[in-house]
Amino acid sequence: MLRSLLTHRQRCAHYAAPVELDEVRAAMRAFYDDGPLGSVSWPDPFRPEGPPEEAYSRVTDPDRYRIVGARVDAWRHAVVTLGLAEEERSASAPTGWSSAPGSTGVLWLRPRRPAAQPLLLDVGAVEVAGDHVRIGVGDPALVVGARPQCGCDACDDGSENLLDEIDRVFEAVIAGDFVHAEDEHWSVTTGPDGCWSASGVVGGEQAPRIIAAVRSGATVGRRSLLGGPW
């Protein structure tokens, strides 16, 4: 799968996370590390040269991508155990949601604080159970992450990056740092570390203005989301 050619990252203003976030991270890592997949890791196989052409049609070890489902479950365990959210399972996807490949149902994590945004987790199976997740924020849920974007060898940039991409979504939503706005040809999303990522026709000067507008309460693009901390 081709990756977006128009993606920009830039450090911007940091928004303080609630003290609970460090505790949630620690609980997540303890549960994940103690699990059967906690020791599974691999480096970026083609850095720095880049992948050969044949790697785009090859999946060497699909089983290792089960760490995706394990990581999602570790976040679920952490927020529920700490009393930050309640879980709600459904055998069918909500109206308008495009299910993950091989999905057998979805899981809502609904925070107890009314101003916070819920998470919708849809763990599927492209090759093996738990090797893919689609993450939504808000209700109705807006898709803000699908990992891995592609499971072929060429698109593999290592387990650390894969897990970090999942963690960033959870951390941003739990901390209340999450901002997302999108229109037909662009999207902007913030992370928990004060950085933003943008794709499409949004440039380096436009993204901070869009984020500031959403934080001020404005509706930007066809949909925008802003949530408080869990």
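We count residues from 1, following the sequence as given.
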Please give me the minimum heavy-atom distance between [X] and [Y], naming the atom from each residue.
X      : Y      : value
Val214 : Ala181 : CG2-CB, 4.0 Å
Ala213 : Val220 : CB-CG2, 3.8 Å
Ala116 : Pro229 : CB-O, 3.8 Å
Tyr65  : Cys152 : OH-O, 4.4 Å
Arg66  : Ala129 : CG-O, 3.4 Å
Pro94  : Leu120 : CG-CD2, 3.9 Å

Near Arg222 CZ, under 6.0 Å, is it more than 12 heavy atoms from other residues, nucleotides or ligands?
yes
Should we say atom CD of Glu87 is surrounded by more than 12 heavy atoms from elsewhere, each under 6.0 Å from it?
yes
The criterion is side chain to side chain donor-acceptor pair (under 3.5 Å); which residues satisfy it with [X], sequence neighbours excluded?
X      : result
Asp33  : Arg29
Asp73  : Arg76
Glu86  : Arg112
Ser224 : none

[X] side, atom [atom1]; [Y] side, atom [atom2] - distance, nearest 0.5 Å:
X      : Y      : atom1 : atom2 : answer
Arg147 : Asp164 : CZ    : CG    : 10.0 Å
Asn161 : Asp156 : CG    : CG    : 9.5 Å
Asp63  : Leu37  : CG    : CG    : 8.0 Å
Arg71  : Tyr32  : CZ    : OH    : 5.5 Å
Leu82  : Met28  : CG    : CE    : 12.0 Å
Ile135 : Arg168 : CD1   : CZ    : 12.0 Å

A side-chain contact here means heavy atoms from C-beta on lying under 4.5 Å apart; do [X] and [Y] qualify?
X      : Y      : result
Arg64  : Leu162 : no
Leu119 : Val137 : yes
Asp22  : Arg25  : yes
Asp153 : Pro51  : no
Pro52  : Phe46  : yes

Can you hop from [X] to [Y] via hydrophobic side chains spaced under 4.5 Å?
X      : Y      : answer
Trp97  : Val173 : no
Val106 : Leu109 : no
Trp186 : Val179 : yes
Leu107 : Val24  : yes
Val68  : Val126 : no

Glu182 vs Arg223, salt bridge (charged side-chain N to carboxylate O under 4.0 Å, His left out): CA-CA, chis, key distance, verdict
CA-CA 6 Å; Glu182 66 175 36; Arg223 189 176 180 191; over 6 Å; no
Got a donor-acceptor contact below 3.5 angstrom from the Trp230 side chain to the Gln117 backbone?
yes
Kindly indicate, with the supporting measurements, whether the criterion side-chain hydrogen bond (donor to acceptor under 3.5 Å, both in side chains) is fulfilled by Ser197 and Thr189.
CA-CA 5 Å; Ser197 63; Thr189 304; 5.0 Å; no
How would you list all residue pairs meeting salt bridge (charged side-chain N to carboxylate O under 4.0 Å, His left out) that involve residues 121-138, not counting sequence neighbours?
none
Scan side-chain atoms only and decide if Ser159 and Ser41 contain a donor-acceptor pair under the 3.5 Å cut-off.
no
Indicate whether any N or O donor in one side chain lies under 3.5 Å from an N or O acceptor in the other, for Trp108 and Asp139.
no
Any ring-ring contact (aromatic ring centres under 6.0 Å, His included) pairs touching residues 162-181, not counting sequence neighbours?
Trp75-Phe170
